[in-house]
Amino acid sequence: MKNYITTPIYYVNGEAHIGHAYTTFIADSLARYSRLQGNETYFLTGTDEHGQKIEEAAKKLEKPTQQFADEISATFRNLWDEFDISYDQFIRTTDESHKKGVQAAFSKMYENGDIYKDFYEGNYCVSCETFFPESQLMDGGCCPDCGRATTILKEESYFFRLSKYEKPLLEYYEAHPEFILPKSRRNEVISFVKGGLNDLSVTRTSFSWGVHLPESLNEPKHVMYVWLDALMNYVTALGYGSDEAKMDFWPANVQLVGKDILRFHAIYWPAFLMSLGLPLPKHIGAHGWWTRDGEKMSKSKGNVVDPREVAQHYGAENFRYFMMREVPFGQDGDFSQRALIDRMNSDLSNDLGNLLNRIIGMSEKYSDFVIDSVDVEKYHAKELNDAHTILDSLHTYFYELQLHRFLEELWKVFTIGNKAIEEHAPWVKIKEGRNDEALATVALVANLLAKASVMLHSIMPSTTAKIADALGFEITTESYNRLIINKGLLETFTIKKIPPLFPRVEEPLMQEAPKAMSEASVPKVEQAKMEDKKETTVSPDGLITIDQFFQSSIKIGTVLAAEEVPKSSKLLKLHIDLGEESPRQIIAGIREYYSAESLIGTQVCAVANLKPAKLMGMLSEGMLLAAKDSDGLSLIRPEKTRKSGSSVG
RNA sequence: GGCUGGGUAGCUCAGCUGGUUAGAGCGCUGGUCUCAUAAGCCGGAGGUCGGGGGUUCGAGUCCCCCCCCCGCCA
C-alpha cells in the first residue's frame, strides 16, 4: 500500500515556530508509523516562497529575492534536520519542476474552460494579498484582518470557475464524511460552501515574484496567485506536469494543515483537483494552535515558544511526546513548562522509565541480566492478553489522527507491567525459591516494554530505539510484525544496564517567558494565528519603518463616561470621544488603579484602528495606552489638552 | 446579527440511541511494598452535571427560555 503524507509548505516570511513544528511532528509520526507497518510511504514538506510580501521583504533587506527565499527556506530545512524529521522530499515553490507543473495545471484548467480572463477591481490589502469587499472594510478603508490601509486596485486577472464546483464539493463532503478532520471543522467548511462560492482570481499583475503563465498564453505581465501556486505543490512534488515519476502516490492519505488554512485546502484545493481530473486526498486534517501559559503568542509580547530552545532544555522527543499527548487533534493547546514537566515526570519518568529500571534491577539481582521469555505465557497469560487487546486497538486512533488517545491507551500497557510486578512480587518469589515465576514476571515486563516501544516508535524514534537496544532487539517492520501483529515474544537476551532514560525534572529548565506587557485593554483569549501569513514581517534587526509605526492610529480621546464592569475587578467601561460622530466604547483593565469618576472629563491616548474585541461580553473598540511597573499603572495622557481625535505621532 | 460546537470533580476531559450509588488522568490525601528515577501498588476526599421551567415511573442525557465561552460567517 502506498501512503502519501504532507505538511503545508511553510511561507518564508518568518522563521519556524512551534506551530510549524507541531504540524511537522504529527506528519512525521504518521509517516514513521506507516513505514513501520511496511507501507511504501512518501512524506513531503517544504516552503512556499512566492508572492508580493516576499518580494518586498527581500527588497527591504536589499537582497535578491531568490537569495532571501533561499536563506529562510534553509532555516526550515535545518530545523527539520535537527529534529530528525523523516521527510522524503523538501519541496520549494521556486523549484523548476514545481513551476513547470503549475504551468501544466494552469494550461489544463484553461483548456477545460475553468479559467477565463476578466477584470478585478476592489480594495486590496498588500500585506494580506487579498481583496476585500467594501462592506468588510474597517474605518478609513483599512483591512479587516490586519488593520492596515488598503488601496483600490483594478487589474486584469484570470479567474478560476470555483462557482462551478459548489455542488460537486458539497456532494463530495456528503459522500466522504472523513474527508475533513476533525468533524467540527467539516461543518464550518460545508456551511461556507453552502453560502455560495465566487470565482477565484488566480493571477496578479501587481508584482512579478511568482510562477509565470504558460508561454502559450503570451501573458508576461501575469503571475499566478500564490494559493494556486502553493497548493499545486502537493502534486508537482510527485512530478505532476513534469516527469510524473511518483504520481502513483497520489491521492494523498493525509494532508495536514493548521486550522487557519483549512479553507484553502478543503475548498480551493479539491476544486482544483476536480478540474484537473485528479482524485481528492483521503483526509485533510486541521489541527489547532498553541498558546503559552494561556496567552496568545506574539513577537511583540516576546513570549513565542522557540522549538529549538525547548528541545535543548527538555529534549526534542520529550517535547514532541508532550505535544502529541497533551492535546486532542484539532483543539488548541497550551504550552507551559509546568505542563511539560508534569507530563514528562508522570508519563515518561514514572510510568515508562521507572518500569524499565525496575526490571534492569531485578534481572541484575536474580539472573545476571539474562531475560528469558519461556515461562511468560505459563504464568502471565492474562497480562499478555490484556496488553494485546490494548495494542490491537491502537491502530484506529492513528488512522483518525487521535494521537493523544493513542498514547493514552498505549500507556495502559505500562500500568499492566507495574501492577504485575506489584502483584507477583518477584522478590518474594525469589526468597521462596520460586525462581521460574519471578523471572517470568521480569520477562513479562520486558516483553510489554518491547511491544509498547515498537508502538511508541513513531512518536519517539530515538528514545524507543534505545529501549529496544537495551532489550536486545531493533525496531523494524520485521519486529513490528513479530511482536505486535503475530503477538510473539522476545528471544532470550541479556538486558543492558542503562542509566535512566527520563530523569525527573524538578525545576523549570528554561527562563520563563516575559510577563505580558501592560496593555490597558487586550483581547486575552483571542487565539494565536500561528500559521498566519498575515503576521507582521519584522526585519531581523528588530527595527520597523516609520510606515509600519504609522499603521497604528493613536489618537487623543476625551472620556465622556465611565462605569465599572459588573463581576469584574479589573475592567472599566469607558465612552471616549475620538472626534468621531459617536463616542467609542472601550473596555480597559485599569479599575484597580483608576476609579470611574476620576476619569470622566480627562484625556487619554487610544489606539483607534485596533480590531474590535469582546471582553466580558462587551465590545471594546480600541485600547488605552498605559505604562505599568511594580508600583502600579499610569495612563499615558497629553501634557496639554488637545482636541478629541488629534492624532499622536 | 446568523449558524455550528460547548458549559460535568481543583485542572484537562469521557459519559452512545434517557434507567441501579456520575467516570478517567493529573493534582491533593491516608496506607503499603522495597525490584525501581522520593518511582510503584491499594484506598480516600472533592461534583445541586451553567441557570430556570417542562416531558417522563425515571434526565447530565429529550423539549422550551435565559446566561456564558470557542469557532465559522456577515
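Order of the sequence lines fixes the chain letters, A, B, ..., with proteins taken first and strands second; residue numbering starts at 1 for each chain.
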Minimum-distance nucleotide (side-chain atoms of A:Lys365 versus B:A36, B:U4, B:C41):
B:A36
P-based separation of B:C13 from B:G7 [nearest Å]
10 Å
Where the chi angle of B:G46 falls, syn if within 90° of 0 and anti if not
syn
Quick one: which of B:U4, B:C35, B:U37 gets closest to the side chain of A:Ser349?
B:U37
By the 4.0 Å heavy-atom rule, please label A:Pro500 as base, sugar-phosphate, or nothing.
base
Please measure how far the C1' atom in B:U34 lies from the corresponding atom in B:A39, and state the result in whole Å.
11 Å
Name the pairing partner of B:G1, where a pair is Watson-Crick or G-U wobble with both distances under 3.5 Å, or state none.
B:C73
Heavy atoms only, 4.0 Å cut-off, all strands: where does A:Leu501 land among base, sugar-phosphate and nothing?
base
Across the strands shown, which category fits A:Phe502 at heavy-atom distances under 4.0 angstrom: base, sugar-phosphate, nothing?
base
Distance check needed: B:G40 P versus A:Glu423 CD, whole Å only.
17 Å
Please report the distance separating the C1' of B:G44 from the corresponding atom of B:C69, rounded so that it comes out in whole Å.
34 Å
Nearest-angstrom distance, P atom, B:C70 to B:A24:
31 Å
A:Trp269/A:Phe264 under ring pair (Phe, Tyr, Trp, His ring centres under 6.0 Å): CA gap, chis, key distance, verdict:
CA-CA 6 Å; A:Trp269 175 227; A:Phe264 301 101; over 10 Å; no
Got more than 12 heavy atoms from elsewhere within 6.0 Å of CD, A:Glu377?
no
Here's a test of your reading of the structure: between A:Ser346 and A:Tyr366, which maps to the more 5' nucleotide of RNA chain B?
A:Ser346
So A:Ser191, base contact, sugar-phosphate only, or nothing? Heavy-atom distance under 4.0 Å.
nothing
Should A:Glu409 and A:Lys412 be marked as a salt bridge (Lys or Arg N to Asp or Glu O under 4.0 Å) after you check the CA-CA gap, both sets of side-chain angles, and the distance that decides it?
CA-CA 5 Å; A:Glu409 286 300 308; A:Lys412 292 181 178 170; 3.0 Å; yes
Find the distance A:Asn418:CG to B:G40:P and express it as a whole number of Å.
7 Å
Under 4.0 angstrom, heavy atoms only, what part of the nucleic acid is A:Gly353 near: base, sugar-phosphate, or nothing?
base
Rounded P spacing from B:C3 to B:U61 in Å:
23 Å
Considering only side-chain heavy atoms of A:Asn350, which listed nucleotide, B:G40, B:C42, B:C35, is closest?
B:G40
With a non-hydrogen cut-off below 4.0 angstrom, is A:Arg185 in contact with a base, only sugar-phosphate, or nothing?
sugar-phosphate
Residue mapping more 5' on RNA chain B - nearest nucleotide basis, A:Asp342 or A:Glu188
A:Asp342
Between B:C72 (P) and A:Lys259 (NZ): distance, integer Å
7 Å
Before accepting this row, confirm whether a basic side-chain N of the pair A:Asp334/A:Arg292 lies closer than 4.0 Å to the acidic partner's carboxylate O.
no
Atom CG of A:Leu262 and atom P of B:U4: how far apart are they, to the nearest Å?
19 Å
Could you give the CG-to-C1' distance, from A:Leu410 to B:G25, as a whole number of Å?
15 Å
How far does the P atom of B:G23 sit from the matching atom of B:C65, given to the nearest Å?
32 Å
Counting only N and O atoms by type, is there a donor-acceptor contact under 3.5 Å from the side chain of A:Glu317 to the main-chain atoms of A:Thr463?
yes
Nucleotide forming a Watson-Crick or wobble pair with B:C13, both distances under 3.5 Å:
B:G23
Quick one: does A:Asn357 reach the base of B:A36 with a side-chain donor-acceptor pair under 3.5 Å?
no
When rounded to the nearest Å, what value does the distance between P atoms of B:G50 and B:G6 take?
13 Å
For B:C64 and B:A59, measure between their C1' atoms and round to the nearest Å.
15 Å
From the options B:G40, B:U34, B:U37, select the nucleotide whose nearest atom is closest to the side chain of A:Arg504.
B:U37
Could you check which nucleotide pairs with B:C35 in any of the strands shown, counting Watson-Crick or G-U wobble with both distances under 3.5 Å?
none
What's the NZ-P distance between A:Lys412 and B:C41, to the nearest Å?
14 Å
To the nearest angstrom, the CZ-P distance between A:Phe369 and B:C35 comes to 15 Å
Please determine whether ring pair (Phe, Tyr, Trp, His ring centres under 6.0 Å) holds for the pair A:Phe329 and A:Phe406, giving the CA-CA distance in whole Å, both sets of side-chain angles, and the decisive distance to 0.1 Å.
CA-CA 11 Å; A:Phe329 185 78; A:Phe406 173 91; over 10 Å; no
Atom CH2 of A:Trp427 to atom P of B:C33: distance rounded to whole Å?
11 Å
Under 6.0 Å from the CD atom of A:Glu491, do we count more than 12 heavy atoms belonging to anything else shown?
no
